[in-house]
Protein chains: 2
Amino acid sequence: MKQIARECGVAISTVSRALNGSTSIRPEVREQIVATAQRLGYRPNNAARALRSRSSRTVGVVLPDMLNTFYAKCTAILQDQFEAQGYGIRLAVTGNSVDREREALARLESERIDGLVIVPTARRWQDHIRGVPAVQMNRHTKSARADIVQSDEAYGARELISHLLNLGHRRIAVLIGDKNFSTTQDRMLGVRDAYDSSDAFAGPTRVLFGTHSRSWGAQAFDDLWTAGERPTAIFAAGSEIALGVLHRTREMGVSIPEDISLVCFGDPEWFLVSDPPLTTFEQPVREVGMIAAQLLLGRMGADEAADASHVRVSGRVIVRESTTAPPE
Amino acid sequence: MKQIARECGVAISTVSRALNGSTSIRPEVREQIVATAQRLGYRPNNAARALRSRSSRTVGVVLPDMLNTFYAKCTAILQDQFEAQGYGIRLAVTGNSVDREREALARLESERIDGLVIVPTARRWQDHIRGVPAVQMNRHTKSARADIVQSDEAYGARELISHLLNLGHRRIAVLIGDKNFSTTQDRMLGVRDAYDSSDAFAGPTRVLFGTHSRSWGAQAFDDLWTAGERPTAIFAAGSEIALGVLHRTREMGVSIPEDISLVCFGDPEWFLVSDPPLTTFEQPVREVGMIAAQLLLGRMGADEAADASHVRVSGRVIVRESTTAPPE
DNA sequence: TTGTATGCGTTATCAA
DNA sequence: TTGATAACGCATACAA
């Protein structure tokens with residue numbers, strides 16, 4: 001800017017005004033300034049801007065895992081939405097570790113992010129980053145004073161379990177994530193609900209809590225298949241878990257749905273070509289991402305004071321070929 | 001910092017020294033300062049730091065598509081590597097658009113990133129961001145003065161095509177990306193090479209250039225199946241393309257490998273459970289990402305002057321069930 | 001070992 | 001409409 005000012009014979013503050021579209025400036029001067037800025041390849045220094053204006057034009061995105069299709073899609077959508085509004089994305093991955101999350105939030109606080117989209121791991125995550133407008137995506141903790149956007153977890157779980165019960169399944173195993181996550185709790189409510197409104201009095205035969213990974217899915221299936229009475233159906237709470245189960249069944253020569261039925265949450269594109277295609281609750285990823293972005297943009301703008309909202313986006317169950325009546 | 005200085009009765013510069021681990025400071029003073037910093041919940045302002053120190057401790061990552069498994073994995077790896085060295089990641093997605101890439105690079109230049117990992121789209125991308133140490137990942141343009149890391153594309157293509165030729169296929173179709181991308185060119189060299197070192201004199205029956213997307217893969221398959229003499233095998237240059245082909249064949253009741261064989265680049269985890277599991281050239285994603293990070297960290301450190309290196313990481317072909325001898 | 005003072009590149013305030 | 005100037009938070013050269 002100094003150089004531009006010199007070349008144009010104006011003050012540095014005039015350059016600033018010209019470049020920021022202030023109205024009170026002579027058009028000819030502005031044009032000259034813009035032209036020389038162009039010629040000199042001038043790029044504003046965001047650090048200086050942020051320092052002075054107390055806004056980094058950046059939002060933080062904190063989530064567990066980029067390899068999970070669900071989060072990858074979310075990231076892509078958030079990226080699009082925020083970029084369109086002139087915000088950059090600062091990405092942090094936690095692997096569901098409370099420590100990594102704490103460090104990530106500390107870094108983001110140093111970065112003076114203007115807003116935060118988080119899939120929280122720690123119950124008290126907000127202690128690590130105060131005073132930043134935030135929206136919780138997918139998971140949430142009640143204590144946080146922040147908006148929530150998620151798909152309707154309970155509904156999805158209820159529909160899937162009902163589907164299995166209607167097919168006649170009575171020995172159903174649930175493979176699900178960390179007991180402390182709100183998603184897990186919501187889904188378990190849905191499971192309970194499905195049983196309550198059916199003529200099957202009991203609940204699921206077995207409930208295994210684990211992680212959303214292929215390896216755990218495979219391991220959990222081993223458990224189910226080798227110990228105790230085998231289930232006739234599995235509810236997998238995520239696509240990665242389902243992938244593990246599917247792979248393991250194939251290795252062991254167990255066929256789906258003849259030997260066992262499988263339903264799950266999520267809908268990566270490979271569900272279309274898997275063997276068999278999976279019956280699934282299609283989470284409304286796109287809507288969730290869009291709403292998260294819009295909500296946060298709102299908070300960062302005017303309506304900061306508004307009450308925290310809790311949005312549940314409904315998805316739909318897609319019946320494919322991984323479910324049928326139980327054997328015998 | 002001002003407040004810390006006041007509370008501790010020292011100068012602001014002393015606080016700075018204490019917090020940055022300068023040696024010339026009385027241990028007791030340091031402890032007191034660190035303690036009050038902790039108590040006050042002090043977080044350094046990165047904007048100010050960057051402005052003063054001329055380093056943002058940030059690297060830019062510019063790539064075409066977060067939904068492509070290959071790039072998602074790369075991102076995860078880069079994230080890990082750089083975070084471990086105290087660098088943050090600034091993500092930009094281009095969708096293979098030259099314009100979006102230009103804008104992204106401009107933004108990153110404003111951000112004063114310390115380094116750049118890019119999967120370039122524009123031939124002259126470097127014109128848009130001068131003087132930043134960069135490494136080109138996967139794709140590259142020759143004109144750029146920047147390191148290159150990629151898997152051995154030509155090798156992979158050669159092996160896959162040779163595999164098909166050895167099975168007896170003579171009518172092979174190639175479904176591949178943009179003609180201008182180095183990856184496309186390298187792979188085509190490999191294809192050529194495979195033909196030259198076999199007793200099949202001709203080349204592929206058809207070569208279709210398109211985009212790495214499911215939709216294009218499906219559309220391209222339609223082309224192949226409806227117009228002209230049908231191929232007995234398809235080489236798909238990416239997992240997304242393969243996904244499209246697979247989905248379409250299933251819809252149309254074409255069975256793989258009985259009716260047609262399929263090989264492709266990349267190895268998302270769903271290859272394990274697809275119907276059928278695909279024969280593939282497994283790109284060494286992990287190594288590529290790690291080396292890209294290490295190379296860039298090197299550049300950002302001492303050896304900035306060293307010659308640009310061009311690393312080709314070898315991957316391996318995995319034969320699964322999507323290939324067999326041609327029908328008849 | 002510590003304090004003082006300067007400047008990094010911008011924006012914003014105030015006079016002119 | 002413009003220019004001079006202060007301030008944003010921090011790191012550092014230099015003096016004490």
Side-chain angles (χ1 to χ4, degrees), chain A residues 1-34 36-38 40-58 86 88 106-114 130-132, chain B residues 1-34 36-38 40-58 86 88 106-114 130-132:
Chain A
M1 280 177 55
K2 200 189 292 182
Q3 193 181 346
I4 297 174
R6 208 167 31 212
E7 296 217 8
C8 294
V10 297
I12 203 168
S13 53
T14 305
V15 175
S16 174
R17 278 187 289 256
L19 263 27
N20 288 319
S22 163
T23 48
S24 45
I25 189 167
R26 245 183 29 241
E28 44 194 283
V29 177
R30 135 167 302 139
E31 279 172 34
Q32 189 199 358
I33 289 175
V34 170
T36 43
Q38 173 76 27
L40 266 42
Y42 166 78
R43 292 279 166 226
N45 182 321
N46 279 357
R49 257 219 231 286
L51 183 58
R52 178 60 229 228
S53 64
R54 308 176 150 293
S55 158
S56 60
R57 302 292 296 177
T58 296
R107 245 192 296 276
L108 292 176
E109 190 166 8
S110 266
E111 208 68 33
R112 299 297 190 272
I113 54 170
D114 294 331
R130 319 290 310 221
V132 175
Chain B
M1 279 178 57
K2 200 188 292 181
Q3 193 181 346
I4 297 175
R6 208 167 30 211
E7 296 216 8
C8 293
V10 297
I12 205 169
S13 56
T14 306
V15 175
S16 173
R17 279 186 287 257
L19 263 27
N20 288 319
S22 161
T23 48
S24 45
I25 191 167
R26 242 178 36 238
E28 43 194 284
V29 177
R30 136 167 302 140
E31 280 174 34
Q32 189 199 357
I33 289 175
V34 170
T36 42
Q38 173 76 28
L40 266 42
Y42 167 77
R43 292 278 168 228
N45 181 322
N46 278 359
R49 256 219 230 291
L51 185 58
R52 174 62 230 232
S53 64
R54 311 177 149 294
S55 158
S56 60
R57 301 292 297 178
T58 296
R107 244 191 297 276
L108 292 176
E109 190 166 8
S110 265
E111 208 67 34
R112 299 296 189 272
I113 54 169
D114 294 332
R130 319 290 309 222
V132 175

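Naming: A, B, ... by sequence-line order, numbering from 1 per chain. The shown structure was predicted, so the numbers you read here are calculated from the model rather than taken from an experiment. Just the heavy atoms: all of them, side chains too, but no hydrogens, waters or symmetry mates, feed the values below.
- Scanning both residues, B:A50 and B:S56, for their nearest heavy atoms gives CB-CA, 3.9 Å.
- The nucleotide range of DNA chain D contacted by chain B, defined by atoms under 4.0 angstrom from heavy atoms of the protein and reported 5' to 3', is D:dG9 to D:dA13.
- Scored by the salt bridge (Lys or Arg N to Asp or Glu O under 4.0 Å) test, A:E31 finds no partners at all (sequence neighbours excluded).
- Residues satisfying the salt bridge (Lys or Arg N to Asp or Glu O under 4.0 Å) test with A:R107, not counting sequence neighbours, are B:E83.
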Exercise. Could you write nucleotides 6-16 of chain C as a row of B, S and -, 5' to 3', where a protein heavy atom under 4.0 Å of any base atom gives B, of only sugar-phosphate atoms gives S, and otherwise -?
Worked result: -BBBBBBB---
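- Annotation: side chain to side chain donor-acceptor pair (under 3.5 Å) contacts of A:S110 (sequence neighbours excluded): none.
- Within the structure, every pair that satisfies the salt bridge (Lys or Arg N to Asp or Glu O under 4.0 Å) test and touches residues 4-20 of chain A, not counting sequence neighbours, is listed here: A:E7-A:R39.
- For residues 40-55 of chain A, the pairs satisfying salt bridge (Lys or Arg N to Asp or Glu O under 4.0 Å) are A:R43-B:E109, with sequence neighbours left out.
- Residues satisfying the salt bridge (Lys or Arg N to Asp or Glu O under 4.0 Å) criterion with B:R57, sequence neighbours excluded, are absent altogether.
- Each salt bridge (Lys or Arg N to Asp or Glu O under 4.0 Å) pair with one or both residues in residues 18-29 of chain B, not counting sequence neighbours, appears once here: B:R26-B:E28.
- Terminal axes of the helix from C:dT1-D:dA16 to C:dA16-D:dT1 (five pairs each, C1' rotation axis) are separated by 40°, to the nearest 10°.
- In this structure B:R112 satisfies the salt bridge (Lys or Arg N to Asp or Glu O under 4.0 Å) test with no other residue, sequence neighbours excluded.
- For A:S55, the side chain to side chain donor-acceptor pair (under 3.5 Å) criterion is met by A:D114, not counting sequence neighbours.
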